[in-house]
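A short worksheet on the structure shown next.
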Amino acid sequence: MDAGYDAGTAYYPYTDPTEYYAAAAGTEHYAQDSGYYTQSAPVYDGQQQYVAGSYVYVTDVPVYSNEYATAVPVNYYANLAAGTATFSPFSAANVHQESILTLFYTIYPDPWSYEQEEEDHYGPGYEVGSYTKDYNDGPYDGESDLNVNSNPEGKPRILLMGLRRSGKSSIQKVVFHKMSPNETLFLESTNKIVKDEISNSSFVQFQIWDFPGQVDFFDSNFDCEMIFGGCGALVFVIDAQDDYIDALMKLNLTVTRAYKVNPNIRFEVFIHKVDGLSDDHKIEAQRDIHQRANDELMEEGFDSVNLSFYLTSIYDHSIFEAFSKVVQKLIPQLPTLENLLNIFVSNSGIEKAFLFDVVSKIYIATDSSPVDMQSYELCCDMIDVVVDISCIYGTKDADGAAFDHQSLSLIKLNNSTILYLREVNRFLALVCILREDHFARQGLIDYNFVCFRNAIQEVFEVRMQVQQASNNTNPSGDELIQPLNSVALKE
Ligand SMILES: Nc1nc2c(ncn2[C@@H]2O[C@H](COP(=O)(O)OP(=O)(O)OP(=O)(O)O)[C@@H](O)[C@H]2O)c(=O)[nH]1
């Protein structure tokens, strides 16, 4: 059957879902109103792609249909080598909604109304790659910080401390500024506090303060009250490739000083640069450091201080995983997010789901099944692929945006597993791992996803209201935090 297009206008009639259609690669195709659609919908918008060999696969799920049960997802794939493209419509979506309806009906009495909500929710500025920052309060737009465990500036603060050359600045640059690990070799030593606002490029807004290795707590200019007072987490970095006795002494000093000022700080110890160690050596270093650090604290009567330990390296995903856990602990809504993810995966036949901050690739929540490093790495890699391909091949709107609210991607692995990515908002993506046979019910998964996304939006709208209410009761917003330049540090 002919695809029904010519060079100028390409229309694809959705009449026979078993037919395959040939089309020139890169051309735009539009669905005609065929009964499935209430309006013409873009079939190929260049956003929903995955790559296998020399093929770019693009999957569109029409969302304009009023009758979701009859909506027909359309596959499109382009052979880059041959310069051709083919449409392969799925069979009509076989939507089984019983389970999810029981779940979400209480919140969403009208499951068919979600399509319009999707459209309303996203404005034209929706894009990946160049994020802008707007500090104004307002309806949830994916830019609001999640945290209430914050300092008077409104953002939680994470302190990066440790001996000189332990790797603090490298961690910050690699995780939050996309620096390649090799480039960190050329980083100069930090000699003053470097304060970094992560809010510019990340959904989860916080500040990271990178301290110089030689910071002296006994210097009268070092204002412990100010520095530790509004701190959510203190990350202490220990170079595992070096002799760590000095680092342990410094860790003890840092933790005890900080704890006296603010017992609510979370203490996170990164046993860093473990790429240079054998597996046995890693375990041994972790056991030894763990034991010594805790013994010393106990001896000094700090029994209630809780240290968490992570083996990290900037040369693999371990640093992203560790930072994910640090950030998660600062999100008061985490149990709710996890609950939503649990409900979503159990009703959609999904094995594992991560809610990712796309820019940093840290996951802010996952379902309750255990995280294995390989799955996390796969999902991180998928985000890289999707962002790269979208930037290169994606059709951009007037603002240069590469993603829109329909953006999704799926990658089929050769072990009958599927990676499925959906954009939640301009900063967050949901990445799921599931078995190929469960993906036959993609309609259900997509429907559940929309419920999940709406539920997340509600969670943060409530949070915004709480925050606004508390702002109103304390309108003065007293500046307990001094500007950084007033903090003198010993060189
Ligand atoms: N092998 C390895 N080297 C690392 C890792 N992380 C950082 N480094 C190296 O460690 C050296 C010091 O890194 P920095 O980030 O400058 O250390 P820092 O703690 O900020 O140092 P100061 O600013 O002096 O306190 C650099 O040469 C990095 O390339 C890692 O995970 N593995």
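Position 1 is the first residue of the sequence; numbering continues from there. Every number for a ligand or one of its atoms is a count from 1 in the order of the listing. Quick caveat, the model's predicted, so the values are computed rather than measured.
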Do ligand 1 and [X] have nitrogen or oxygen atoms that lie under 3.5 Å from each other?
| X | result |
| --- | --- |
| Thr312 | no |
| Ile314 | yes |
| Tyr315 | no |
| Ser169 | yes |

Find all atoms of ligand 1 within a distance of less than 4.0 Å from any non-hydrogen atom belonging to [X], and give their numbers and elements.
| X | answer |
| --- | --- |
| Ser313 | 31 (O) |
| Leu185 | 27 (O), 29 (O) |
| Asp275 | 1 (N), 2 (C), 30 (C), 31 (O), 32 (N) |
| Thr184 | 26 (C), 27 (O), 28 (C), 29 (O) |
| Gln241 | 1 (N) |
| Ser189 | 22 (P), 23 (O), 24 (O) |
| Gly167 | 7 (C), 13 (O), 14 (P), 15 (O), 17 (O), 18 (P), 19 (O) |

Nearest-neighbour protein heavy atom for [atom], which is reported as residue plus atom name and distance:
| atom | result |
| --- | --- |
| atom 3 (N) of ligand 1 | Lys273 CD, 3.7 Å |
| atom 21 (O) of ligand 1 | Arg165 N, 3.0 Å |
| atom 25 (O) of ligand 1 | Lys168 NZ, 2.8 Å |
| atom 15 (O) of ligand 1 | Ser170 OG, 2.5 Å |

Checklist line | Stepwise side chain to side chain contact (heavy atoms under 4.5 Å, CB included) test for Ser166 and Phe236 | finding: CA-CA 9 Å; Ser166 53; Phe236 193 91; over 6 Å; no
Between [X] and [Y], does any side-chain donor sit less than 3.5 Å from a side-chain acceptor?
| X | Y | answer |
| --- | --- | --- |
| Tyr447 | Asn347 | no |
| Asp280 | Ser278 | no |
| Ser308 | Lys329 | yes |

Next item on the list: Could you tell me whether ligand 1 has any atom less than 4.0 Å away from a heavy atom of Ser166?
Entry: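 Right, Ser166 reaches ligand 1.
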Check: Taking non-hydrogen atoms only, is Thr190 closer than 4.0 angstrom to ligand 1 via side chain, backbone, both or neither?
Finding: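 Both backbone and side chain.
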Checklist line | ligand 1 versus Lys173: contacting region, heavy-atom distance under 4.0 Å | finding: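 It is neither part, as no heavy atom is under 4.0 Å.
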Check: Who pairs with Asp437 by salt bridge (Lys or Arg N to Asp or Glu O under 4.0 Å), at least two apart in sequence or on another chain?
Finding: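 Counting only residues at least two positions away or on another chain, Asp437 forms a salt bridge (Lys or Arg N to Asp or Glu O under 4.0 Å) with Arg435.
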Note to self: Check this for me: Met249, atom CE, are more than 12 non-hydrogen atoms of other residues, nucleotides or ligands nearer than 6.0 Å?
What the structure shows: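 No.
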Notebook entry, point to check: Where does the angle between the aromatic ring planes of Phe323 and Phe176 fall among parallel (under 30°), tilted (30 to 60°) and perpendicular (over 60°)?
Noted result: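 Perpendicular, since the angle between the ring planes exceeds 60°.
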Next item on the list: Determine the interplanar angle of the Phe267 and Tyr259 rings, folded into 0 to 90°, and report it as parallel if under 30°, tilted if 30 to 60°, perpendicular if over 60°.
Entry: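 Phe267 and Tyr259: tilted rings.
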Next item on the list: Assess whether side chain to side chain contact (heavy atoms under 4.5 Å, CB included) is satisfied between Leu163 and Asp239, documenting all intermediate values.
Entry: CA-CA 8 Å; Leu163 292 186; Asp239 182 346; over 6 Å; no
Notebook entry, point to check: side chain to side chain contact (heavy atoms under 4.5 Å, CB included) between Phe354 and Leu341: does it pass, once the steps are laid out?
Noted result: CA-CA 8 Å; Phe354 294 96; Leu341 280 161; over 6 Å; no
Note to self: Quick check: closest heavy atoms across Ala353 and Asp367, and the distance to 0.1 Å?
What the structure shows: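 For Ala353 versus Asp367, the nearest heavy atoms are N-OD1, 2.9 Å.
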